[in-house]
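Before any comments, here is the structure.
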Amino acid sequence: MARTPTTTVPTLSLAAERIPGPIRVAGFVLALLALDAVLAASLVDPRFSRLLLLFVGAGAAAAVFRFPLAVAIALLGFTDFVFHAGYFAFSVGPINARPYELALAGLFAVAVVRPRRETWGGLPGAALAIFLVVVVISGLLAVSSGRAPLTDVFNWGRALALLPLFYVVIRLFPSVDDRRTLLTGAAVLAATTGVVAGLVALGWGLGESLQAPGDQAIREQEGITGVQRVRLAGLSAAYALFWYSAVRMATARGTSRWMWIALLGGIGLNIAVSFNRNMWLGLALGLVLLIVVGGNFLRHRLAAGVAVAVTAAVLLVLLGPPAGENPILDPVLERGSTILSPSAVTQEGSYQARERETRVAWETITDNLALGVGAGADFGLFHDSRIGPNSFVRVPQLFLHNQYLYLLLIGGVPAFVAFLVFMGVPVARAFRRSPSDPLIAACGVGLTMVMVSALVALYFTVEDMTAIIGLLAGVIVADHDVRAAAGLDSGLAR
């Protein structure tokens with residue numbers, strides 16, 4: 001049956017089919033010869049390296065247009081995998097470019113010129129646009145007033161540029177299967193990271209090569225021996241997709257269920273060796289939310305799953321090495337026990353430092369409620385940075401652990417309100433969906449956990465988490481928009 005060109009189906013392939021076969025083959029051979037000539041010339045004369053970059057860029061652009069789903073998964077691989085976001089950065093003139101930024105730029109271009117669905121996401125999309133515009137304006141004002149150099153404004157704001165992945169999802173991937181593939185790809189990356197993190201926690205020698213210069217993603221736990229604390233980039237995806245993966249496992253059948261059991265195991269290991277108490281508490285909150293909004297079917301499955309997990313944990317304690325001799329379980333239990341001792345947490349140095357930064361930042365916020373001070377701007381807090389064995393230099397702190405205060409700090413009330421709308425509306429839609437869809441509810445739970453944890457951790461302004469926020473918000477809004485347009489209540493899990 002002949003295909004009919006539409007506004008949502010590419011027509012370039014139809015035109016190509018009308019070209020005689022010998023001409024197409026000849027064109028392909030000539031393109032290869034031209035590429036070979038450029039490669040050979042670039043080896044002889046460095047001036048031809050720009051032509052090589054042009055060929056590579058043209059090929060990459062063609063790949064983005066032809067395989068946007070694969071490129072989107074590759075983008076997540078550069079932001080939420082074992083390597084930090086800047087690991088594969090390269091210089092393009094004065095700019096230190098990163099592969100995920102180029103991939104997102106290409107995907108966004110495709111979403112603009114050749115979308116599969118003509119939408120910008122309604123209220124959440126408008127709120128995200130307002131937020132980004134306000135942040136840009138605040139940053140420009142910070143530069144013009146001399147409050148911050150352009151490099152700081154650019155570097156501290158560039159993580160927010162991943163939030164437009166939201167537009168890519170809703171415009172390029174309106175189908176259920178595509179969105180499910182995106183989420184599965186992210187879950188695979190998170191689980192693989194968990195396996196690597198587990199090996200590093202037990203002393204795998206390649207751990208240090210996975211850190212950015214000056215980063216503390218891998219370090220010894222204070223007062224805890226046995227394993228290292230490992231927080232690789234894929235931890236963000238593991239946290240946000242834990243309950244989504246659990247629901248996929250609970251609803252899968254046959255060999256697919258075993259695959260999701262393995263993925264959930266890797267994701268759980270990722271979170272366990274992070275020693276992140278905020279995430280552990282967030283998972284508990286997510287379980288409660290999922291029981292409330294997930295429907296009767298999911299409640300029964302979750303109850304059975306929790307019973308199995310508790311039984312396995314009890315057997316591990318009873319049949320494993322005695323307390324004090326288990327190199328894996330003991331550090332986790334020791335770290336987890338501090339959750340039940342709030343007074344001990346308040347005595348930790350990190351808690352006191354965050355209390356001080358909040359107090360100092362609030363004074364600056366109240367004086368700049370209209371547009372904030374801009375990302376990368378000094379707000380009056382300094383700390384000592386080591387520059388030698390016995391020498392330090394005073395440098396300004398340009399971030400806040402309380403991300404809601406940070407939003408007020410960099411963009412004032414407009415940015416704060418716009419961002420809350422951008423994240424809050426998808427969460428409300430996920431929980432209000434009728435009839436309830438466990439997978440969409442799990443996406444909403446993931447976003448909610450990120451929002452709650454952002455009270456004490458940098459989750460709105462780091463590349464690995466902003467990519468996942470854009471992904472989950474886009475999945476929920478795309479599901480809502482497609483159902484609304486069709487007048488149906490069919491969603492992600494049908």
Side-chain angles (χ1 to χ4, degrees), residues 56-90 92 95-117 121 125 128 132 155 157-175 177-193 196 210 212 232-241 244 267 270 443 446-447 450 459-478:
V56 173
V64 173
F65 273 83
R66 186 66 180 87
F67 308 106
L69 184 59
V71 174
I73 295 176
L75 182 154
L76 294 172
F78 284 116
T79 60
D80 290 82
F81 198 36
V82 295
F83 303 101
H84 56 87
Y87 195 91
F88 299 103
F90 58 95
V92 179
I95 298 176
N96 191 24
R98 299 173 181 178
Y100 71 83
E101 294 171 329
L102 301 180
L104 180 59
L107 288 169
F108 189 78
V110 177
V112 171
V113 303
R114 201 172 69 184
R116 294 180 61 195
R117 184 169 182 79
L128 175 57
L132 294 174
N155 288 324
R158 71 191 307 177
L160 299 173
L162 274 163
L163 292 172
L165 181 60
F166 166 85
Y167 298 120
V168 171
V169 173
I170 62 174
R171 289 176 68 83
L172 291 186
F173 309 119
S175 75
D177 290 339
D178 284 351
R179 298 196 301 274
R180 182 180 296 178
T181 300
L182 271 176
L183 292 170
T184 300
V188 170
L189 292 170
T192 305
T193 305
V196 174
L210 302 179
L232 303 176
L235 177 62
S236 297
Y239 182 54
L241 295 178
Y244 172 80
I267 289 172
N270 202 347
C443 290
L447 272 183
V450 172
Y459 285 172
F460 292 162
T461 52
V462 289
E463 292 91 343
D464 47 331
M465 192 62 87
T466 50
I468 294 300
I469 290 173
L471 172 63
L472 289 180
V475 166
I476 296 171
V477 172

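Note that the CG atom of Leu471 and the CG atom of Leu163 stand 12.0 Å from one another [nearest 0.5 Å]. Going from atom CG of Asp177 over to atom OG1 of Thr184 covers 10.0 Å, rounded to the nearest 0.5 Å. We find the CZ-CG distance between Phe78 and Leu189 to be 11.0 Å, quoted to the nearest 0.5 Å. In this structure, the separation between CG on Leu160 and CZ on Phe460 is 11.0 Å, given to the nearest 0.5 Å. Here Leu76 contributes atom CG and Asp464 contributes atom CG; the two are 11.0 Å apart, rounded to the nearest 0.5 Å. With values rounded to the nearest 0.5 angstrom, His84 atom NE2 is found 13.5 Å from Thr79 atom OG1.
The shortest side-chain heavy-atom distance between Leu241 and Leu183 falls under the 4.5 Å cut-off. At a threshold of 4.5 Å between non-hydrogen side-chain atoms, the residues Phe173 and Val168 count as touching. Taking 4.5 Å as the limit, some side-chain heavy atom of Glu463 sits within range of a side-chain heavy atom of Arg158. The shortest side-chain heavy-atom distance between Val113 and Phe65 falls under the 4.5 Å cut-off.
Closest approach of Asp80 to Thr193, counting heavy atoms only: O-OG1, 4.3 Å. Contact between Ala103 and Val71 at its shortest, heavy atoms only, is CB-CG1, 4.1 Å. Residues Arg98 and Ala85 approach most closely at CD-O, 4.0 Å, considering heavy atoms. Scanning all heavy atoms of the two residues, the minimum distance from Val475 to Cys443 falls at CG1-SG, 4.2 Å. Taking each heavy atom of Arg117 and Ile170 in turn, the nearest pair found is CB-O, 4.0 Å. Here the shortest heavy-atom pairing between Leu172 and Arg114 reads CD2-O, 3.8 Å.
Using a 30° and 60° split on the angle between ring planes, Phe81 and Phe83 fall in the perpendicular class, above 60°.
Using modelled atom types, no side-chain atom of Arg171 and backbone atom of Pro115 make a donor-acceptor pair closer than 3.5 Å. A distance-only check finds no donor-acceptor pair linking the side chain of Tyr239 to the backbone of Val450 [under 3.5 Å]. The closest donor-acceptor contact from the side chain of Thr466 to the backbone of Leu162 lies at 3.5 Å or more, if one exists at all.
Only one option out of Leu107, Leu472, Leu182 pairs with Val169 in a side chain to side chain contact (heavy atoms under 4.5 Å, CB included); it is Leu182.
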Inset, instruction - Check step by step if side-chain contact (heavy atoms from CB on, under 4.5 Å) holds for Val82 and Thr192. - result: CA-CA 8 Å; Val82 295; Thr192 305; 5.5 Å; no

